[in-house]
Number of protein chains: 2
Amino acid sequence: MATIYEVAALAGVSPATVSRVLNGAAVSPEKVRLVREAAEQLQFTPNRTARRLRNQSSELIALLIPDVENPFFTALARGVEDKAQAAGFSVVLCNTDDDPAKETRYLDIANSEDMAGVILAPASEDGDIRHVTDRGRPVVAVDRNTGLTIDSVMVDNRAAGVAATTALFDAGYERVACIAGPLGLEWTEERSLGWRQVVSKRGAGETIDRYLQHANYRVDGGRAAMAALLALDSPPDAVVTTNNLMGVGALQALSEAGITPPDFGVAVVGDLPFSTLHPDAITQVHLPARHLGTTAATMLLERIAGDDQPARTVVLRADVTRGAARPAR
Amino acid sequence: MATIYEVAALAGVSPATVSRVLNGAAVSPEKVRLVREAAEQLQFTPNRTARRLRNQSSELIALLIPDVENPFFTALARGVEDKAQAAGFSVVLCNTDDDPAKETRYLDIANSEDMAGVILAPASEDGDIRHVTDRGRPVVAVDRNTGLTIDSVMVDNRAAGVAATTALFDAGYERVACIAGPLGLEWTEERSLGWRQVVSKRGAGETIDRYLQHANYRVDGGRAAMAALLALDSPPDAVVTTNNLMGVGALQALSEAGITPPDFGVAVVGDLPFSTLHPDAITQVHLPARHLGTTAATMLLERIAGDDQPARTVVLRADVTRGAARPAR
DNA sequence: CTGAAAGCGCTAACAT
DNA sequence: ATGTTAGCGCTTTCAG
């Protein structure tokens, strides 16, 4: 790797001048040319490590998500990347696996790597985010809340749950169950509260609790929960899942039982990734994953640029694609 | 951020000793204790930037993939991450969008960030990989070939195409079409050559070319190509798609036309992500995505550790899950 | 075993 | 407008 000293020597100027040319400070056109030629000739690329050590900051944004294999988060990542790229920043994607320890580890790395900022889908509400914010490094929470008052971009989870459930009742289903994630995770609890809210008005009141299943929030969890629901004495005729992956699992279980929507109503909070079903067989509450990402990135970039207004919370709304009506029996 | 100077001062030793403690060099037990306590008290985290500038190397691995939203590549990424984590390395995921310019940009970054190595699913066969290898930084190619003789981990694409096509003929289909990616991409051409090879033996010879569709290799491409095939005078009764995403598109187009496998045979090279279809309705040639990642990471880590044997190429095999037989008419 | 000091490549005062 | 120089935080000779 050539250094600015070598470039300077070849161009017959001082290293400082080379640095100035690189950073667009005032230099005579003549020397600019000389430096550019020398840099070209030596295939010079500035050493980011040295620059960073000097500047105590980099053009790197850390994006911490629970799972790169979940399309919701990859879409979000795409949104972040688009905005970041355009502003000259690179994004470092980190998998936390929803493990607070891994999250902490990555936050420490963000610090010791002098990253410009962090976008975080928090694994828990009480992570070590202060380590980062205390050092003046901006952090934006996305999709999930933190205990701290920092910028955040959320989805109206309650409304999403309500919308999914309402769509099913409107389509003529009467016994609407819910497959929710584990207790204690705010996003899934909110969505299932939305379900409960609608069911308590429009459903057959006494069956509410039997119709609420908690599962791990992945495909296998959704599948198991759906199987359990189908095995009930008086099974539901429709189901809401509080995320995309459990939706896939539920549909798999239905398919294995020989049941096809809309014979059984299905509403998913989230987008069914790569679905090969007929588009309006089911109801989808589309979460604005990518938009979540672009919004978070925009806010973070503002903070990086020095904006220090009070913490903001943006709540994005999901929009619904309603599935077909329940077929007559 | 506390520095080793502050730790040293607090512990009453020299910065060099602090460094030694951190790096496990020989230091008297007494001072080790002193240093550890001081570090603890100051919440000291070593500055990676400074360390890297000094050492000219980091514990960062760059992973360049065309698309984070493609489950094949996220599975691969998981594989890389697992191995890397275990060895104390962090993985930086970079999206190239199959754009050689972006690829070059990221390779430059890998250089100027002093990354330990690069795992690359190349966007083209003649990228600027030399920039990196010339600097002695190890690079492992994965999933696709480069022009250079470097370590690589591949899939037997031809065999995958053969396996997919054979499964369809064996299941009783007679007019097997192929939806391939754009011309000029080796991986998809190889897979479609596998198809051609089988069809020329077992198929109705004269229709080969009409049954070969080229599409962009994403969902919409597969869908359009499938629609085109269905509109032919004598349409096929089965189709092979050369990747996962086009498989999804093809299934969508079939579903829109009211056709359900196995009434129409479908074989996909790659895994159908999050499929809600009945598991054996279609044939899948499972590409060992994760294994590709772990293998590449293992090879890269060996190189990083100093291994300098000649370049190796590992070819992994796909295994097939056969779909149902064609129903009698 | 330990400390002093140089230097990784770059940038930002400070001079000129 | 340009050159000189110090220093970002760390590791590693080199002395002792």
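Each chain gets a letter, A, B and so on, in the order the sequences are listed, and its residues count up from 1. Basis for what follows: all heavy atoms, side chains included, without hydrogens, waters or symmetry-related copies.
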Ion pair present between [X] and [Y], side-chain N to carboxylate O less than 4.0 angstrom?
{"X": "A/Arg105", "Y": "A/Asp128", "answer": "no"}
{"X": "A/Asp97", "Y": "A/Lys102", "answer": "yes"}
{"X": "A/Arg33", "Y": "A/Glu37", "answer": "yes"}
{"X": "B/Asp67", "Y": "B/Arg218", "answer": "no"}
{"X": "A/Arg52", "Y": "A/Glu59", "answer": "no"}

Nucleotide nearest A/Arg54 (side chain, heavy atoms from C-beta), chosen from C/dC1, C/dC8, C/dT11 =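 Between C/dC1, C/dC8, C/dT11, the one nearest the side chain of A/Arg54 would be C/dT11.
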OP1 or OP2 of [N] less than 4.0 angstrom from a side-chain nitrogen or oxygen of [X], does that happen here?
{"X": "B/Thr3", "N": "D/dC8", "result": "no"}
{"X": "B/Thr49", "N": "D/dC8", "result": "no"}
{"X": "B/Arg51", "N": "D/dT11", "result": "yes"}

Atom CG of A/Leu76 and atom CD1 of A/Ile119: how far apart are they, to the nearest 0.5 Å?
->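 Going from the CG atom of A/Leu76 to the CD1 atom of A/Ile119 covers 8.0 Å.
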Atom OG1 in B/Thr313, atom CG in B/Asn145: separation rounded to 0.5 Å?
->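 Atom-to-atom, B/Thr313:OG1 and B/Asn145:CG are 7.0 Å apart.
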Not counting sequence neighbours, which residues clear salt bridge (Lys or Arg N to Asp or Glu O under 4.0 Å) with B/Asp98? List them please.
->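 Result, salt bridge (Lys or Arg N to Asp or Glu O under 4.0 Å) vs B/Asp98: B/Arg144.
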Kindly write out the residues that satisfy salt bridge (Lys or Arg N to Asp or Glu O under 4.0 Å) with A/Arg130, not counting sequence neighbours, or none if the list is empty.
->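 Result, salt bridge (Lys or Arg N to Asp or Glu O under 4.0 Å) vs A/Arg130: none returned.
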Is the backbone N or O of B/Gln309 less than 3.5 Å from a side-chain atom of B/Arg303, with the two atoms forming a donor-acceptor pair by type?
->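 Judged by distance alone, yes, a pair lies under 3.5 Å.
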Taking DNA chain C as the partner, which of residues 30-48 of chain A come within under 4.0 angstrom of it by heavy atom?
->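 Within this stretch, A/Phe44, A/Pro46, A/Asn47 sit under 4.0 Å of the strand.
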Between residues 13-23 of chain A and DNA chain C, which residues have a heavy-atom gap below 4.0 Å?
->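 Heavy-atom contacts with DNA chain C come from A/Ala16, A/Ser19, A/Arg20, A/Asn23.
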Do the side chain of B/Tyr5 and the base of D/dC10 come within less than 3.5 angstrom through a donor-acceptor pair of N or O atoms?
->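 For B/Tyr5, whose side chain was compared with the base of D/dC10, there is a donor-acceptor pair (under 3.5 Å).
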Separation of [N] [atom2] from [X] [atom1] (nearest whole Å):
{"X": "A/Leu53", "N": "C/dG7", "atom1": "CG", "atom2": "P", "answer": "17 Å"}
{"X": "B/Ile4", "N": "D/dG9", "atom1": "CD1", "atom2": "P", "answer": "10 Å"}
{"X": "A/Asn111", "N": "D/dG9", "atom1": "CG", "atom2": "C1'", "answer": "15 Å"}
{"X": "A/Glu113", "N": "D/dG9", "atom1": "CD", "atom2": "P", "answer": "15 Å"}
{"X": "A/Arg52", "N": "C/dA12", "atom1": "CZ", "atom2": "P", "answer": "16 Å"}
{"X": "A/Asn55", "N": "D/dG7", "atom1": "CG", "atom2": "P", "answer": "17 Å"}

Could you list by number each residue of residues 128-137 of chain B showing a heavy-atom separation from DNA chain D of less than 4.0 Å, or answer none if no residue does?
->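 Contacting residues: none.
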Determine all donor-acceptor pairs shorter than 3.5 Å in which one atom belongs to a side chain in residues 294-302 of chain B; sequence neighbours excluded.
{"from": "B/Thr294", "atom 1": "OG1", "to": "B/His291", "atom 2": "O", "distance (Å)": "3.0"}
{"from": "B/Thr295", "atom 1": "OG1", "to": "B/His291", "atom 2": "O", "distance (Å)": "2.6"}
{"from": "B/Thr298", "atom 1": "OG1", "to": "B/Thr294", "atom 2": "O", "distance (Å)": "2.7"}
{"from": "B/Glu302", "atom 1": "OE1", "to": "B/Arg312", "atom 2": "NH1", "distance (Å)": "2.7"}
{"from": "B/Glu302", "atom 1": "OE1", "to": "B/Arg312", "atom 2": "NH2", "distance (Å)": "3.4"}

By nearest nucleotide on DNA chain D, pick out whichever of A/Gly12 and A/Ala50 is the more 5' one.
->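 Looking at DNA chain D, the more 5' nearest nucleotide goes with A/Gly12.
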